[in-house]
Amino acid sequence: MLAGITLLFKCRSRSALLGMLNDYVVSARSLRDLKKRAVNLGKRESHRIAVDTKMSCEYLGLYDTYYVCGPLKSGALLGYTSTWGIKQKTLLPMMNEIRIRKALSGSSKGAYVIDAVYVIGSQKPPIFKRRIIEAALLVEHDGKKDILEVAGRLANSPHVKRKITRDLRRQVLPEELEIAGFSSIRRWASPSVGLGRCFKCNVKRYAKEFMISRLLHEEKKLVFPKPLR
């Protein structure tokens with residue numbers, strides 16, 4: 001089955017020390033198999049990154065695992081986060097349409113990862129105490145229509161909402177998810193979509209090497225994503 005993984009890399013040039021968290025989708029049968037595939041992918045990717053960036057690059061380890069629901073085409077769910085008690089008004093600056101369009105560099109053809117923000121609409125508490133779900137979705141855009149319109153229809157589709165609610169610990173119906181907007185939209189990081197190809201890359205500059213290595217010791221439990229119910 002498909003699973004999402006985040007790999008940690010340490011890269012160095014003459015002027016910078018960088019920590020890099022890259023996200024991928026892989027196919028694995030168990031947590032043991034997932035860890036083995038992560039090591040192989042990490043070694044391969046560290047070499048690719050070193051060649052592409054002309055920096056030294058070292059794979060440090062498996063940082064995180066998470067739920068993915070494919071297939072890898074428009075509508076694929078590439079992980080999600082669920083939080084209680086976020087004031088919806090604090091999300092508005094993140095979902096500003098002008099800021100999102102500025103980050104898109106036009107509506108060119110290609111694959112994008114959108115972070116769609118939902119609230120659970122049927123809850124009784126006031127809206128500022130509702131549960132917020134932020135889901136990363138793959139959108140393959142043909143360049144003919146407005147990217148935000150395409151992303152909006154996809155995020156609002158019953159098919160995508162079913163993918164999100166399948167994995168929630170507390171039972172929620174797909175129709176209870178109300179789309180509030182997008183917190184971000186970015187291009188798929190690799191040139192093409194596929195297993196073992198990076199779709200999201202987060203890079204941060206560090207002063208000391210141990211500050212990067214200790215990220216692996218943050219309190220988190222690596223689990224093998226459960227099969228669909």
### Message
Working to the nearest 0.5 angstrom, can you tell me the gap between Arg48 CZ and Asn22 CG?
### Response
7.0 Å

### Task
Calculate, to the nearest 0.5 Å, the distance between atoms CD1 and CD1 belonging to Ile114 and Ile185 respectively.
6.0 Å

### Task
For the pair Ser13 (side chain) and Met55 (backbone), establish whether a donor and an acceptor sit closer than 3.5 Å, ignoring hydrogens and angles.
no

### Query
When the ring planes of Tyr67 and Tyr80 are compared, do they come out parallel, tilted or perpendicular, using 30° and 60° as the limits?
perpendicular

### Task
Taking Arg162 for its side chain and Pro174 for its backbone only, find out whether a donor-acceptor pair lies under 3.5 Å.
no

### Message
I'd like to know if the side chain of Lys161 reaches the main chain of Leu177, judged simply by a donor and an acceptor atom lying under 3.5 Å from each other, with no hydrogens or angles considered.
### Response
yes

## Note on the structure
Looking only at heavy atoms, the pair that brings Leu78 and Leu137 closest together is CD1-C, 4.5 Å

#### Entry: Cys11 side chain near Thr53 side chain, heavy-atom distance below 4.5 Å
no

## Note on the structure
Rounded to the nearest 0.5 Å, the CG atom of Asp64 sits from the CG atom of Asp23 at a distance of 8.0 Å

### Query
Under 30°, 30 to 60°, or over 60°: which ring-plane class applies to Tyr24 and Phe9, parallel, tilted or perpendicular?
perpendicular

### Query
Sub-3.5 Å donor-acceptor pair from the side chain of Thr165 to the main-chain atoms of Leu173, do we have one?
no

### Query
Mind checking whether Lys145 and Arg153 have side chains closer than 4.5 Å, heavy atoms only?
yes

### Query
Do the side chain of Lys163 and the main chain of Gly70 share a donor and acceptor less than 3.5 angstrom apart?
yes

### Task
Working to the nearest 0.5 Å, report the span between CZ of Arg186 and CG of Asn202.
5.5 Å

### Query
Looking at side-chain heavy atoms only, is the closest gap between Val68 and Val26 below 4.5 Å?
no

### Task
Output the distance between atom CG (Asn156) and atom OH (Tyr118), rounded to the nearest 0.5 Å.
7.0 Å

### Query
Ignoring hydrogens and geometry, is there a side-chain-to-backbone donor-acceptor pair from Tyr66 to Thr81 under 3.5 Å?
no

### Message
Testing the basics here: between Ile179 and Ala155, what is the closest heavy-atom pair and its distance to 0.1 Å?
### Response
CD1-CB, 4.0 Å

### Summary
What one should report as the nearest heavy-atom pair of Tyr63 and Leu215 is CE1-O, 3.5 Å

### Message
Between Ser82 (side chain only) and Ile133 (backbone N and O only), is there a donor and an acceptor less than 3.5 Å apart?
### Response
no

### Task
Using a 4.5 Å cut-off on heavy atoms from C-beta on, say whether the side chain of Asp167 contacts that of Leu77.
no

### Value rounded to 0.5 Å, distance of NZ in Lys10 from OH in Tyr206
13.0 Å

### Residue that, paired with Asp33, satisfies side chain to side chain donor-acceptor pair (under 3.5 Å) out of Arg37, Lys35, Lys36
Arg37

### Message
With a sphere of 6.0 Å drawn around CZ of Arg29, does it hold more than 12 non-hydrogen atoms of other residues, nucleotides or ligands?
### Response
no

